[in-house]
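Here is the structure we will look at, set down as structure tokens.
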Number of protein chains: 2
Amino acid sequence: MKTFTFPPLGDSGASAKLVMATITIKDVAREANVSVASVSRALNGGSGVTAETGQRIRDVALRLRYIPHAAARMLITRRTNTIGALLPDLYGEFFSELIRGIDLAARAHGLHLLVSSSHDSSDDAAAALRAMQGRVDGILIMSAHVDDAFLRANLPEDLPTVLINSPVKDEAYRVINVDNYAGARAMTKHLIDTGHTDIAFIAGPKNNFDAQQRENGYRAAMAKYASKVAPVVLAGDFTEEAGFRAGQEILARKKRPNAVFAANDMMAVGCMHAFREAGVCVPQDIALAGFDDIPVARYVAPPLSTVRVRIVDLGRSALEAVATMLENPDHPTTAGPTFGCEIVVRETCGASSAPASHE
Amino acid sequence: MKTFTFPPLGDSGASAKLVMATITIKDVAREANVSVASVSRALNGGSGVTAETGQRIRDVALRLRYIPHAAARMLITRRTNTIGALLPDLYGEFFSELIRGIDLAARAHGLHLLVSSSHDSSDDAAAALRAMQGRVDGILIMSAHVDDAFLRANLPEDLPTVLINSPVKDEAYRVINVDNYAGARAMTKHLIDTGHTDIAFIAGPKNNFDAQQRENGYRAAMAKYASKVAPVVLAGDFTEEAGFRAGQEILARKKRPNAVFAANDMMAVGCMHAFREAGVCVPQDIALAGFDDIPVARYVAPPLSTVRVRIVDLGRSALEAVATMLENPDHPTTAGPTFGCEIVVRETCGASSAPASHE
DNA sequence: GGCGGGAACGTAAACGTTTTCATGGCTGCT
DNA sequence: AGCAGCCATGAAAACGTTTACGTTCCCGCC
């Protein structure tokens with residue numbers, strides 16, 4: 001028989017740490033002279049029980065430091081109060097901001113967060129997805145490896161799912177995308193507006209959805225606002241090295257463009273290094289812009305003009321989408337709004353004449 | 001009665017997506033003409049069952065897409081196969097690297113990862129900790145708000161716990177610390193060795209454990225290798241602004257030091273801005289060093305010398321520590337080894353004469 | 001041929017909740 | 001006074017597993 005002798009106040013030192021086998025709802029019930037059903041009612045809804053008994057039960061529970069067994073509750077309730085996040089091997093900054101947004105929203109909704117990151121193959125992702133099965137009520141997926149077929153094969157169809165930055169078209173899935181297209185379009189237009197018409201674009205990985213969208217935005221703006229010049233697109237893969245090589249390539253061209261728009265900041269930084277090495281000045285000799293607004297963008301010299309994505313908000317609204325899906329399961333699967341982004345003008349695009357001051 | 005009509009191969013299009021109520025171990029048992037006990041044995045240990053029946057059961061399970069109900073298993077097994085990570089509101093880069101390391105190791109051990117980040121008050125952390133109770137087999141804590149009392153009040157004492165970068169001394173808890181002291185000491189010595197004896201130190205937040213250790217390392221090296229000059233310590237709080245102000249303060253001193261060592265990179269960057277604004281050249285006029293090796297460090301001009309912490313490995317070994325603790329519960333609580341770090345010499349300390357090339 | 005022993009397998013209990021249903025007491029109305 | 005109905009409460013089923021314990025069967029040995 002267990003006996004409970006918790007002092008109502010802080011432990012009296014010596015007597016602390018008795019063995020205390022995990023205490024269950026039964027212990028609380030016995031101690032409060034009620035049935036387990038009443039304890040459950042008092043601790044959950046609160047209804048169906050007298051205010052007086054309810055208080056007594058809560059007191060006992062507190063005194064015994066009772067914590068309901070999560071698994072037992074999951075088993076009967078068929079809810080885990082957990083959502084899973086399947087994330088790729090991401091750039092540090094983006095990753096942490098995204099998680100922060102997701103986590104913030106999750107805690108606000110009383111949900112737990114089960115993460116699985118840095119899987120880099122499709123099989124890997126499938127395994128991770130399977131492993132999450134049954135441990136989560138909903139799932140958040142951001143991965144280059146998912147497409148319709150993958151999802152259909154690895155997801156139980158009744159599991160609320162939200163895709164982040166995914167090319168998946170299927171109406172069955174909720175998708176939240178960053179509006180890469182509009183962002184790239186806006187930045188290209190800005191460059192044109194500030195007098196740069198010969199703009200080269202350093203592309204991202206071929207199979208990357210974001211990268212494609214950005215390139216499309218660039219092409220669209222060029223077609224509309226600088227129809228006289230043909231768009232110039234150089235290959236890249238989002239790495240700094242690729243940007244560096246692209247930069248060298250640009251300098252080697254017989255007709256040098258007067259601006260370069262890189263599909264992400266890392267490549268812009270690499271490109272800037274190439275220019276500096278060759279003694280080409282940014283923005284005087286050539287303007288430069290990136291995409292993402294990673295922190296580094298502010299600290300390179302000169303500070304990089306770029307397109308900012310509110311990553312925290314992206315994560316937050318993704319989680320909120322799953323949350324609403326599982327709050328009203330008769331999901332109308334409202335088509336996800338794309339997520340806006342804004343251009344932030346610093347010095348590399350030559351528009352701002354602000355001094356290199358402490359931003 | 002449920003009937004199962006799964007085609008052995010890929011769905012034949014039209015017939016896909018029948019309602020398929022979640023299938024349990026009983027369904028598998030019935031379909032394979034065995035008892036649930038045998039199914040359990042076949043799928044888990046594999047022993048206590050004929051090779052033949054075992055195979056048949058596995059086939060059926062696969063065909064039915066059976067996935068054991070995690071909660072039911074947790075309930076009876078009293079293991080969740082999940083470890084929780086309680087993390088503070090961290091700097092982006094550090095955070096993501098740490099998570100990456102933890103996640104990698106977790107997956108290698110077949111463990112899930114329940115994260116809870118960005119809690120910024122002690123109560124907040126306590127709530128998060130309580131919420132994790134019963135959902136995890138072990139826990140990883142990195143937070144400024146934890147001390148012995150906090151842990152004792154909020155942690156069941158039988159829960160394997162590992163503290164990351166914590167000042168907690170209690171032998172009961174496993175602690176893994178970065179060797180901030182040695183790192184700071186080494187960097188200070190390096191500055192002295194390269195001819196800078198008048199070194200000012202920009203401190204971190206007063207209550208921050210890492211910051212204190214770093215300051216101690218600086219003082220120790222000064223005392224040992226530059227005993228003639230008194231250490232100069234300026235207040236800071238790890239923010240760029242603090243570094244900027246400290247930089248101005250340093251320039252205003254009547255006896256200007258010939259080197260500055262900031263307790264982290266962000267402050268070093270801020271300091272550098274102050275110097276640049278004042279027309280003071282780094283490293284010609286004054287040397288500069290930071291701590292952390294955040295990515296920005298490589299991209300500022302000139303690239304920042306700093307002390308690198310292998311964050312991924314830190315996360316990995318922290319998780320591995322919990323993993324071993326729950327593999328052999330008779331934990332001897334081996335005192336955690338502190339985690340080494342290395343100084344990385346770039347240009348701001350004036351030692352390297354390498355050109356500003358593409359690193 | 002009897003018997004001991006081990007392996008394969010089934011039965012049922014147990015894990016800690018929530019929830020449905022039944023029961024009893026009380027209130028208020030006729 | 002009787003009855004309807006509500007409300008607090010308790011008993012028990014259910015959730016899907018694992019596992020201790022029996023039972024059966026077969027094999028080999030005396």
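Residue numbering restarts at 1 for every chain, and letters A, B, ... go by the order of the sequence lines. Note that the structure is a prediction, hence the values are computed from the model and not measured. When reading the values below, keep in mind they use all heavy atoms of this one structure, side chains included, and skip hydrogens, waters and symmetry mates.
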Would you kindly give the [atom1]-to-[atom2] distance between [X] and [N], to the nearest whole Å?
X       : N      : atom1 : atom2 : answer
A:Arg79 : C:dT18 : CZ    : C1'   : 14 Å
B:Asn81 : D:dT18 : CG    : C1'   : 14 Å
A:Met74 : D:dT17 : CE    : P     : 15 Å
A:Lys26 : C:dT17 : NZ    : P     : 9 Å
B:Ile67 : D:dG16 : CD1   : P     : 14 Å
A:Ile23 : C:dG16 : CD1   : C1'   : 13 Å
B:Ile57 : C:dA8  : CD1   : C1'   : 11 Å
B:His69 : C:dT17 : NE2   : P     : 16 Å

Which of the following nucleotides, C:dG16, D:dG16, D:dT17, is nearest to the side chain of B:Pro68? D:dT17
Selected nucleotide, minimal atom distance to B:Ala37 side chain, candidates D:dT19, D:dG16, C:dG16: D:dT19
Mind checking if A:Arg41 touches a base, just sugar-phosphate, or nothing, with heavy atoms under 4.0 Å? base
How is B:Ser38 classified with respect to the nucleic acid when contacts are heavy atoms under 4.0 Å: base, sugar-phosphate, or nothing? sugar-phosphate
Side chain to side chain contact (heavy atoms under 4.5 Å, CB included) for A:Thr161 and A:Leu163? Distances and angles first, verdict last. CA-CA 7 Å; A:Thr161 302; A:Leu163 271 32; 3.5 Å; yes
For a side chain to side chain contact (heavy atoms under 4.5 Å, CB included) check, start with the C-alpha distance between B:Arg135 and A:Met74, then their side-chain angles and the critical distance, and finish with the verdict. CA-CA 10 Å; B:Arg135 313 181 81 101; A:Met74 288 182 205; 3.4 Å; yes
Whether [X] contacts [N] is assessed here as follows: a side-chain N or O lying under 4.0 Å from the phosphate OP1 or OP2. Is that the case?
X       : N      : value
B:Arg73 : D:dT18 : yes
A:Ser40 : C:dT19 : no
A:Thr77 : C:dT17 : no
A:Ser35 : D:dG10 : yes

Can you tell me how far CD1 of A:Ile102 sits from CG of A:Leu140, rounded to the nearest 0.5 angstrom? 5.0 Å
Start with the C-alpha distance between B:Ile141 and B:Tyr173, add both sets of side-chain angles, then the distance that settles side chain to side chain contact (heavy atoms under 4.5 Å, CB included), and finish with yes or no. CA-CA 11 Å; B:Ile141 303 184; B:Tyr173 300 104; over 6 Å; no
Which residue lies more 5' along DNA chain C, comparing B:Arg56 with B:Ile76 via nearest heavy atoms: B:Arg56
Kindly determine whether A:Arg56 and A:Val34 satisfy side chain to side chain contact (heavy atoms under 4.5 Å, CB included), including the steps that lead there. CA-CA 10 Å; A:Arg56 177 162 41 103; A:Val34 290; 4.2 Å; yes
